[in-house]
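This report concerns only the one structure given below.
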Protein chains: 2
Amino acid sequence: MAIEPSELERIQSMVRHVQSLPSGDHLFRIGDQFTAIYAVRAGCIKSYSLDAVGHELVHGFHVRNELLGFDAVYPDRHRCNALILETCSVCVIPYRDIARLGAEFHSLQSQVMRLMSREFSRHLICAEGAGATQRTAIFLLDIQSRLRQQGAAKDEFRLPMSREDVSNYLGITAETLSRLMTKLQKIGLIDVDRRNIRVADCIRLERIAQGIR
Amino acid sequence: MAIEPSELERIQSMVRHVQSLPSGDHLFRIGDQFTAIYAVRAGCIKSYSLDAVGHELVHGFHVRNELLGFDAVYPDRHRCNALILETCSVCVIPYRDIARLGAEFHSLQSQVMRLMSREFSRHLICAEGAGATQRTAIFLLDIQSRLRQQGAAKDEFRLPMSREDVSNYLGITAETLSRLMTKLQKIGLIDVDRRNIRVADCIRLERIAQGIR
DNA sequence: CGGATGCTTGAAGCTGCTCAAGTGAAGTGG
DNA sequence: CCACTTCACTTGAGCAGCTTCAAGCATCCG
């Protein structure tokens, strides 16, 4: 969901507040009234919900220049919680303004729909992979390219979230994820040091992400 | 994605064509230019793509009063194929008209966004379930409630798609699905006769769908 | 230093997959 | 109308991948 700088500028014109939020805070919670879309300017936010048994179900992670809050467009209330993982600077874009300005500039309106579509399609990325190894590879490449846009080095980055968050997002256990990371390191595709990841062999990692072994 | 009759009337006013399509035809294919959103008036459509190995990946099924085509809003080209499973009557709603009319009546615009949001959120339903049994139960209850709205009996319905389609949608094999259907029948939750399903114990089926055993 | 937290590693078990055969309904041709 | 085929589905046996439960480490923080 990274958005074009030009698109972002346009959206910025609609911004009322820029909030600064410490890690551990919630930007919104399930059931909250839908009032705005949020654009992350710095930091990282996790959107999640809980299943019947109380297990966390991670829907996605949002970093710089990405949008969240579309989950509430239909039922008018948020369907998930948004937790700050790293201290955040967030633009608040009141939905009312989008609707109002959208009527005046209808190119803006279609832009919002495009962004919305892009946001949702990201949700499907990791569900696509068949095996756990493939999903892990997809995740690593996806988060790498997103973090690179916010100033990370070419092939080195630091995960803003815990292993447990990642494993919940991928629909596998933390233990399995840990084993897979070790495996990927052993065969020379990545270097892992806690949350610091270096992609050593991008080509082969991409091949695994595509399901080719 | 069933839409309110009143909403549908409004959208109908934008309709250019009503197409009639025989089963086996494609409504659109991957890569096709995005020109319109489609509303199903009768029949059933499967949206799917193929993975790297050539396996079918079913994104969803669309029955009466449901919309499809939002998959192309962002990249301007369709990301999946739409195959007619049962002879269809389909309203074609040119996207240009939505944008134009949306600018005039901005309540319509937010309605379209709501529908879009509703459409996408459905995609997540079956991904949520942890085990194969749970996903199967979720699917049966979901498709039951949707088919009921198009005139099916209270607890009896006929699946418009094959076991293979369903299993691809749920991310399990056809064999596993078959075994699970048999299991659900043995413990008295459903009656299965080929594609004809009767929900015998809705309460317990819902409990399984929620992950409570 | 002691404890907490987050990550890794190991062993055993279960779920769902693969491969393979069997069944039954619907359609085809003689 | 009946054998023959075909197709969709079911059923079975063995196996692999992932989970569960449990313990072991390292890092951070009081």
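Side-chain atoms are counted along with the backbone in the values below, which use heavy atoms only and exclude waters and symmetry mates. Within every chain, numbering begins at 1; the chains are lettered A, B, ... in the order of the sequence lines, protein sequences first and strands thereafter.
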Between A/R158 and A/E86, does any side-chain N to carboxylate O distance fall below 4.0 Å?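 Salt bridge between A/R158 and A/E86, a charged N being under 4.0 Å from a carboxylate O: no.
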Heavy-atom nearest nucleotide on DNA chain D taken for A/T173 and for B/R195; more 5' hit belongs to B/R195
Go through the structure and list residues passing side chain to side chain contact (heavy atoms under 4.5 Å, CB included) with [X], not counting sequence neighbours.
X	answer
A/T35	A/Q33, A/Y38
B/S162	B/E164, B/D165, B/R195
B/A132	B/I172, B/T176, B/L180

Applying side-chain hydrogen bond (donor to acceptor under 3.5 Å, both in side chains) to A/R179 and not counting sequence neighbours gives none
Interatomic distance where [atom1] belongs to [X] and [atom2] belongs to [N] [whole Å]:
X	N	atom1	atom2	value
A/R158	C/dG6	CZ	P	13 Å
B/L170	C/dG16	CG	C1'	13 Å
A/L180	D/dC18	CG	C1'	9 Å
A/K183	D/dC18	NZ	P	8 Å
B/I172	D/dC9	CD1	P	13 Å
A/I190	C/dT8	CD1	C1'	14 Å
B/I197	D/dA8	CD1	C1'	14 Å
B/D165	D/dC7	CG	C1'	14 Å

### Under 4.0 angstrom between A/S162 side-chain N/O and C/dG6 OP1 or OP2
no
Working to the nearest 0.5 Å, report the span between [atom1] of [X] and [atom2] of [Y].
X	Y	atom1	atom2	answer
B/I138	B/L141	CD1	CG	8.5 Å
A/H62	A/L85	NE2	CG	10.0 Å
B/I45	B/E66	CD1	CD	10.0 Å

Of B/L177 and A/M161, the one whose closest DNA chain C nucleotide lies more 5'
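Its nearest nucleotide lies further toward 5', so the answer is A/M161.
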Which pairs, protein N/O on one side and nucleotides 9-11 of chain C N/O on the other, fall under 3.5 Å?
unit_1: C/dT9; atom_1: OP2; unit_2: A/T182; atom_2: OG1; d: 2.8
unit_1: C/dG10; atom_1: N7; unit_2: A/R179; atom_2: NH1; d: 2.8
unit_1: C/dG10; atom_1: O6; unit_2: A/R179; atom_2: NH2; d: 3.3

For a quick test of your reading: what N or O donor-acceptor pairs under 3.5 Å do the side chains of residues 18-29 of chain A make, sequence neighbours left out?
unit_1: A/H26; atom_1: ND1; unit_2: A/R29; atom_2: NH2; d: 3.1
unit_1: A/H26; atom_1: NE2; unit_2: A/Y48; atom_2: OH; d: 2.7

Can you name the residues that form a salt bridge (Lys or Arg N to Asp or Glu O under 4.0 Å) with [X], not counting sequence neighbours?
X	answer
A/D191	A/R198
A/R77	none
B/R163	none

Dot-bracket for DNA chain C, 5' to 3', Watson-Crick and G-U pairs with both distances under 3.5 Å, [ ] for crossing pairs, | for partner on another strand, reads ||||||||||||||||||||||||||||||
Hey, what are the protein-to-nucleotides 28-30 of chain D N/O distances that come in under 3.5 Å?
none

Interface polar pairs with nucleotides 12-15 of chain C, N/O, under 3.5 angstrom:
none

On a heavy-atom basis, the closest approach of A/G69 and A/I37 is C-CD1, 3.7 Å
Margin query: Quick check: closest heavy atoms across A/F157 and A/V199, and the distance to 0.1 Å?
Written below: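 Between these two residues, the closest heavy atoms are CE2-CG2, 4.2 Å.
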